[in-house]
Amino acid sequence: MHDDYFGIWGYSPVWQPGRDAAAAHGERLARLAGRTLTHAWLLWDVDDDEWFADAPVLLDFDGEQLEIQHGKLDDLSLTWNTVVPDTNPFLWASSMLRWRNDLVAASDEAVSAVELLEWRGQDMAHGMVAVSIVLAHGRVTVHNALDENGLAFGPPEPEYHAVPLQ
């Protein structure tokens, strides 16, 4: 039975301003370098056939799972190994949801580095922090899409600046 956050059993986000999350998790994020991204799980709305971007993005690196979720303008939750992405659909509110290993193009690549990127554009997103996984042949960035997660692939936009991991 799913009875937790968005019906995700066992998941409880730990909201922090982006820079605080960087400080709290920097060392552990840095240790992902050299590991392989083996799975990238997104929660999918089965009925609408679309990504449910309000739920965490789960990135698995050889059994070390990073759970990334953005909220509001600068809220970032980074948790580790709390969600078991069951592929059986479950009902939350009026939506049928299911975990999908959905970033197959990025899977099975070695991690070169993890970067935390702060948005310094002159807009309402100024100060938000994105998590960027630099892979051998590309990049996956989970960013704040104004109160939900967004995904980007390729080099970051020039308004992003790296935040030290420690």
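Residues take their numbers from the sequence shown, with the count starting at 1.
The environment of E50 atom CD is dense: over 12 non-hydrogen atoms of other residues, nucleotides or ligands sit within 6.0 angstrom.
Taking both residues in full, the closest heavy atoms of A113 and A33 are given as CA-CB, 4.4 Å, listed atom of the first, atom of the second, then distance. Of all the heavy atoms in F6 and F90, the pair that sits closest is O-CE1, 3.7 Å. The shortest non-hydrogen separation linking A136 to E109 is N-OE1, 3.5 Å. Shown here for A22 and P164, the closest heavy-atom pair between the two residues is CB-O, 4.4 Å. Of all heavy-atom pairs between V129 and D74, the closest is N-OD1, 4.1 Å. L59 and A40 make their closest contact through CD2-CB, 3.7 Å (heavy atoms, listed as atom of the first residue, atom of the second, distance).
Follow the hydrophobic side-chain contacts under 4.5 Å out from V46 and you reach L91 in the same cluster. M128 and V163 are members of different hydrophobic clusters when ILVMFWY side chains are connected at heavy-atom separations under 4.5 Å. Following chains of ILVMFWY side-chain contacts shorter than 4.5 Å, one can reach V111 starting from L29, so the two form part of one hydrophobic cluster. A chain of hydrophobic side-chain contacts below 4.5 Å, direct or via other Ile, Leu, Val, Met, Phe, Trp or Tyr residues, connects W92 to Y11. In terms of hydrophobic clustering, with Ile, Leu, Val, Met, Phe, Trp and Tyr side chains grouped at heavy-atom distances under 4.5 Å, L117 and L151 are assigned to different clusters.
Judged by a 6.0 Å distance limit and a 45° cone about the ring axis, R28 is positioned over the six-membered ring of W80.
You'll find the side chain of L37 reaches within 4.5 Å of the side chain of L135, heavy atoms only. Within the 4.5 Å cutoff, no side-chain heavy atoms of Y5 are placed close to those of S12. Looking at heavy atoms from C-beta onward, P85 lies in side-chain contact with Q65 at the 4.5 angstrom threshold.
Other residues sharing a hydrophobic cluster with M124 under the 4.5 Å side-chain heavy-atom criterion for ILVMFWY residues are L73, L146.
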- Going through the distances and angles, do V83 and W99 end up as a side chain to side chain contact (heavy atoms under 4.5 Å, CB included)? CA-CA 11 Å; V83 177; W99 288 104; 3.9 Å; yes

- Kindly determine whether R98 and N88 satisfy side chain to side chain contact (heavy atoms under 4.5 Å, CB included), including the steps that lead there. CA-CA 6 Å; R98 172 186 298 192; N88 292 317; over 6 Å; no

- Given the rule in the side chain to side chain contact (heavy atoms under 4.5 Å, CB included) test, do I68 and L76 qualify, once you have shown the distances and angles that lead to the verdict? CA-CA 7 Å; I68 306 166; L76 175 59; 4.1 Å; yes

- Query: When you look at L78 and H25, which way does the side chain to side chain contact (heavy atoms under 4.5 Å, CB included) test go after all the steps?
  - Reply: CA-CA 8 Å; L78 299 177; H25 297 275; 3.8 Å; yes

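At distances below 3.5 Å, at least one donor-acceptor pair connects side-chain atoms of D147 with backbone N or O atoms of K72. In this structure, R35 contributes its side chain and F61 its backbone to a donor-acceptor pair below 3.5 Å. Here the side chain of H143 pairs no donor or acceptor atom with the backbone of A130 at under 3.5 angstrom. Judged purely by atom type and a 3.5 angstrom limit, N149 uses its side chain to pair as donor or acceptor with the backbone of H70.
With rounding to the nearest 0.5 Å, the separation of CG in L58 from CD1 in I8 is 7.5 Å. Distance CG/L97 to CZ/F52: 5.5 Å, rounded to 0.5 Å. Taking CD of Q69 as the start and CG of L43 as the end, the distance is 10.0 Å to the nearest 0.5 Å. Atoms CG and CD1, on L66 and I133 in that order, are 6.0 Å from each other to the nearest 0.5 Å. The CH2 atom of W51 sits 7.0 Å away from atom CD of E148, with the distance rounded to the nearest 0.5 Å. Atom CE of residue M96 and atom CG of residue D47 lie 6.5 Å apart, to the nearest 0.5 angstrom.
Between S77 and E67, the side chains place no donor N or O within less than 3.5 Å of an acceptor N or O (distance only, hydrogens not considered). Remark: the E115 side chain and the Y160 side chain contain no N/O donor-acceptor pair separated by less than 3.5 Å. A donor and an acceptor atom, one from each side chain of D123 and W119, are located under 3.5 Å apart. A side-chain N or O of D49 and one of W44 form a donor-acceptor pair less than 3.5 Å apart. With 3.5 Å as the limit, one finds no donor-acceptor pair spanning the side chains of D62 and T38. Using modelled atom types, one finds a donor on one side chain and an acceptor on the other under 3.5 Å when comparing N81 with E64.
Salt bridge E118/R19: present, at least one basic N to carboxylate O contact under 4.0 Å.
By the side chain to side chain donor-acceptor pair (under 3.5 Å) test, S132 is found to be paired with R139, T141, residues two or more places apart in sequence or in another chain being considered.
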